[in-house]
There are 2 protein chains.
Amino acid sequence: MVKKTGRPGYLQIADELREQIRSGSIAPGEPLPSTAQLAETFGASLSVVKMSVGLLRNEGLVVGQQGKGVFVREDAPPADDVRAELTELRTAVADLTRRLEQLEASASQRTAKS
Amino acid sequence: MVKKTGRPGYLQIADELREQIRSGSIAPGEPLPSTAQLAETFGASLSVVKMSVGLLRNEGLVVGQQGKGVFVREDAPPADDVRAELTELRTAVADLTRRLEQLEASASQRTAKS
DNA sequence: CAAGCCAACTAGGTTAACTATGTTGGCAAC
DNA sequence: GTTGCCAACATAGTTAACCTAGTTGGCTTG
């Protein structure tokens, strides 16, 4: 489910799917749930789900087959793996930075008020 | 300009921008044209331009600054011992995440109390 | 002159609607 | 039984609209 953490929904969903793939919860060769199903289970609109899947597709984690579904890639290319992990870490760091800045802002507000 | 080659427009535009960055036509630290300008010069809609820029952003080639523009990243050089740095970053991110979650939890407690 | 407001720009996120295209299963017609 | 059609569902791409939010520059007001 998409949480209201300020992190965009399409990134949250992409993270979740990435995690399910990495953990083997969705095995290589297996299809992801359909976009409609994902939209329902995540409580999001079709658009954001499509954006999320598009991200994974761009990262090479999954391949889409028109009319059939989106399947987890069988081969785990190490070079690409590094690349995917890099983008993952990069977004994670960006997320942490943002959250920290929010905390710092509210903290300074509290200080100034008192 | 977007051609009718079957390759999606948002990929064509991303390719073009990537090329301009790689060639130095848009130097590091410099901003890309605004999305509105890009849409006009490429003869595309705002939506596809935003998708293209989103791709580059995801790749880490550029960073967006709300209200100002999208800027080419200053640092391009990839490190050699990528793997080691990756594990180091992974543990650092995990640590930061844990600490931040603790902070956020106590912060929300304070909010609820007041 | 200085402060503050405001309009015009910027990126970013979300949603909805439409089109194109491929796959699959069932059903009717022959 | 086989063929062919067709409805339902799938991904994929595009566009438009609306909203949030940050930045900047100019103008007005005190």
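Chain letters run A, B, ... following the sequence lines, proteins first and then strands; every chain starts at 1. The structure displayed is predicted, hence computed values, not measured ones.
One N or O on the side chain of A:Gln37 and one on the backbone of A:Ser34 form a donor-acceptor pair closer than 3.5 Å. With B:Ser52 contributing its side chain and B:Tyr10 its backbone, the two residues share a donor-acceptor pair below 3.5 Å.
Nucleic acid contact class of B:Gly9 (heavy atoms, under 4.0 Å, all strands): sugar-phosphate only.
For the pair A:Met51 CE and C:dG12 P, the interatomic distance rounds to 11 Å; values are reported in whole Å. At whole-Å resolution of the value, CZ in A:Phe42 and C1' in C:dT15 are 18 Å apart.
With a 4.5 Å cut-off on side-chain heavy atoms, B:Leu17 and B:Leu38 count as touching. The side-chain heavy atoms of A:Phe71 and A:Val62, taken from C-beta on, include no pair separated by under 4.5 Å. Taking 4.5 Å as the limit, every side-chain heavy atom of A:Val72 sits out of range of all side-chain heavy atoms of A:Leu61.
Taking both residues in full, the closest heavy atoms of A:Pro28 and A:Arg73 are given as CB-O, 3.5 Å, listed atom of the first, atom of the second, then distance. For A:Ala44 against A:Ile13, the heavy-atom pair with the smallest separation is CB-CD1, 3.9 Å. B:Gln12 approaches B:Arg7 most closely through the heavy-atom pair NE2-O, 2.7 Å.
With no hydrogens or angles considered, a side-chain donor-acceptor pair links A:Gln20 and A:Glu16 at under 3.5 Å.
Contact annotation: B:Arg57 side-chain N/O to C:dG13 OP1/OP2 distance is under 4.0 Å.
Annotation: A:Glu30, atom CD; neighbour count of heavy atoms from other residues, nucleotides and ligands within 6.0 Å is above 12.
Each end of the helix from C:dC1-D:dG30 to C:dC30-D:dG1 gets its own axis from five base pairs, and the two axes differ in direction by 30°, given to 10 degrees.
You can see that DNA chain D meets the heavy atoms of chain A within a 4.0 Å-exclusive cut from D:dA10 to D:dG13, reading 5' to 3'.
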For this session: Treat primed atoms plus P, OP1 and OP2 as sugar-phosphate and everything else as base, then score nucleotides 17-26 of chain C 5' to 3': B for base contact with protein heavy atoms under 4.0 Å, S for sugar-phosphate contact only, - for none.
Result: ---BBBSS--
